[in-house]
Amino acid sequence: RDFIALVNRIRRENPALQGNDNLDFFPISNEQLIGYAKHTADLASIIITVVNLNPHHVQGGWLELPLREMGLDPEQPYQVHDLLGGARFLWYGPRNYVELDPKSLPAHIFRVRRRVRTERDFDYYL
C-alpha cells in the first residue's frame with residue numbers, strides 16, 4: 001500500500017509522467033530487465049524507469065541511453081536520483097549498470113539531473 005502511494009506521488013510530482021507522449025525504450029543487456037524513459041517535450045523533466053521482470057531473483061544489466069537525444073552531453077557526468085529508494089548516482093556516458101533485487105526494490109524510477117555540482121562550484125575561504 002505504501003509503495004503504491006509512493007509511485008502515485010512520484011507520478012503526480014513529475015511532469016514527464018503525466019502524459020503518454022515521449023515514451024522511449026532502451027536496450028539493456030539482460031532480458032529480465034526493461035528500461036524506458038518518459039520526458040516532457042522541452043526535456044526539462046526526464047524520468048528513466050528500470051524494472052526487474054523476475055519476481056524471484058536479483059537481476060543486473062547494462063542500460064544504454066541516447067544521451068544527445070535526451071539533451072545530455074555525453075562528455076559530462078549527470079546525476080540520477082532514484083525516487084523510490086532515495087539513492088543518487090553519478091553516471092558517466094551512455095552505458096550504466098543497474099541491479100535490482102525484487103525482495104527489496106523491484107524497480108528504479110530515476111529523475112535525471114543535468115547540472116551536477118562539483119568542487120569548483122563552491123567558494124573556499126581561508
Side-chain angles (χ1 to χ4, degrees):
R1 190 176 203 170
D2 292 337
F3 184 77
I4 297 300
L6 176 59
V7 170
N8 285 331
R9 190 184 87 222
I10 291 168
R11 184 182 49 79
R12 281 191 308 274
E13 292 175 353
N14 289 280
L17 299 176
Q18 296 173 6
N20 291 322
D21 298 338
N22 303 318
L23 172 66
D24 299 304
F25 288 87
F26 303 126
I28 193 161
S29 65
N30 182 339
E31 64 186 27
Q32 293 295 308
L33 297 171
I34 188 169
Y36 59 92
K38 291 183 86 176
H39 59 84
T40 56
D42 63 359
L43 299 174
S45 175
I46 302 171
I47 300 292
I48 298 169
T49 303
V50 181
V51 179
N52 184 346
L53 301 174
N54 184 325
H56 305 291
H57 301 286
V58 174
Q59 299 292 327
W62 290 92
L63 178 67
E64 295 203 29
L65 303 172
L67 296 182
R68 290 201 192 281
E69 292 174 20
M70 296 170 76
L72 298 168
D73 182 349
E75 303 300 319
Q76 296 295 319
Y78 53 99
Q79 185 183 82
V80 293
H81 176 202
D82 184 0
L83 301 174
L84 288 176
R88 295 174 192 265
F89 303 96
L90 191 59
W91 283 1
Y92 296 90
R95 291 191 76 209
N96 291 280
Y97 185 77
V98 292
E99 186 173 280
L100 288 163
D101 182 348
K103 292 179 180 88
S104 60
L105 196 61
H108 290 301
I109 299 177
F110 294 119
R111 180 174 44 215
V112 176
R113 292 189 58 206
R114 285 179 178 72
R115 177 76 173 110
V116 177
R117 289 188 163 191
T118 66
E119 63 184 26
R120 289 184 220 141
D121 294 324
F122 300 95
D123 291 327
Y124 293 97
Y125 298 97
L126 298 175

Nearest non-hydrogen partners of Pro66 and Phe26, listed with the distance: CD-CE2, 3.2 Å
Gap separating the CG atom of Asp82 from the CD1 atom of Ile48, nearest 0.5 angstrom: 11.0 Å
Whether Phe25 and Tyr36 hold their rings parallel, tilted or perpendicular, with breakpoints at 30° and 60°: tilted
Polar side-chain atom of Asn22 near backbone of His39 as donor-acceptor pair, under 3.5 Å: yes
Audit row: Asn14, Ile109, side-chain contact (heavy atoms from CB on, under 4.5 Å) steps and yes/no: CA-CA 11 Å; Asn14 289 280; Ile109 299 177; over 6 Å; no
Single-linkage hydrophobic cluster, 4.5 Å side-chain cutoff, Phe3 and Leu17 together: yes
Path from Leu23 to Ile34 over hydrophobic side-chain contacts below 4.5 Å: yes
Heavy-atom closest pair, residues Glu69 and Leu43: O-CD1, 3.8 Å
Contact summary for Leu100 and Asn52, nearest pair of heavy atoms: O-ND2, 3.1 Å
CZ-NE2 distance between Arg113 and His81, expressed to the nearest 0.5 angstrom: 9.0 Å
Ile10/Leu6 under side-chain contact (heavy atoms from CB on, under 4.5 Å): CA gap, chis, key distance, verdict: CA-CA 6 Å; Ile10 291 168; Leu6 176 59; 4.0 Å; yes
Single-linkage hydrophobic cluster Ile46~Val7, side-chain heavy atoms < 4.5 angstrom: no
Donor-acceptor contact below 3.5 Å, side chain Thr40 vs main chain Ser45: yes
Exam field: side chain Lys38 to backbone Gly19, donor-acceptor pair closer than 3.5 Å: yes
Stepwise side-chain contact (heavy atoms from CB on, under 4.5 Å) test for Ile47 and Val112: CA-CA 6 Å; Ile47 300 292; Val112 176; over 6 Å; no
Whether over 12 other heavy atoms sit under 6.0 Å from Asn8 CG: yes
Point-to-point distance, once rounded to the nearest 0.5 Å, from NE2 of His108 to CG of Leu84: 9.0 Å
Nearest atoms (heavy-atom pairs only) where Trp62 meets Ser29: N-OG, 2.8 Å
Path from Ile28 to Leu72 over hydrophobic side-chain contacts below 4.5 Å: yes
Leu33 to Gln59 - nearest heavy-atom pair and separation: CD2-CB, 3.8 Å
hydrophobic_cluster_shared for Leu63 and Tyr78, side chain cutoff 4.5 Å: yes
CD-CG distance between Glu75 and Leu67, expressed to the nearest 0.5 angstrom: 10.0 Å
Test item: side-chain donor near acceptor, Tyr97 and Glu99, under 3.5 Å: yes
Asp42 side chain to Ala44 backbone, donor-acceptor under 3.5 Å: yes
Nearest non-hydrogen partners of Leu53 and Glu31, listed with the distance: CD1-O, 4.0 Å
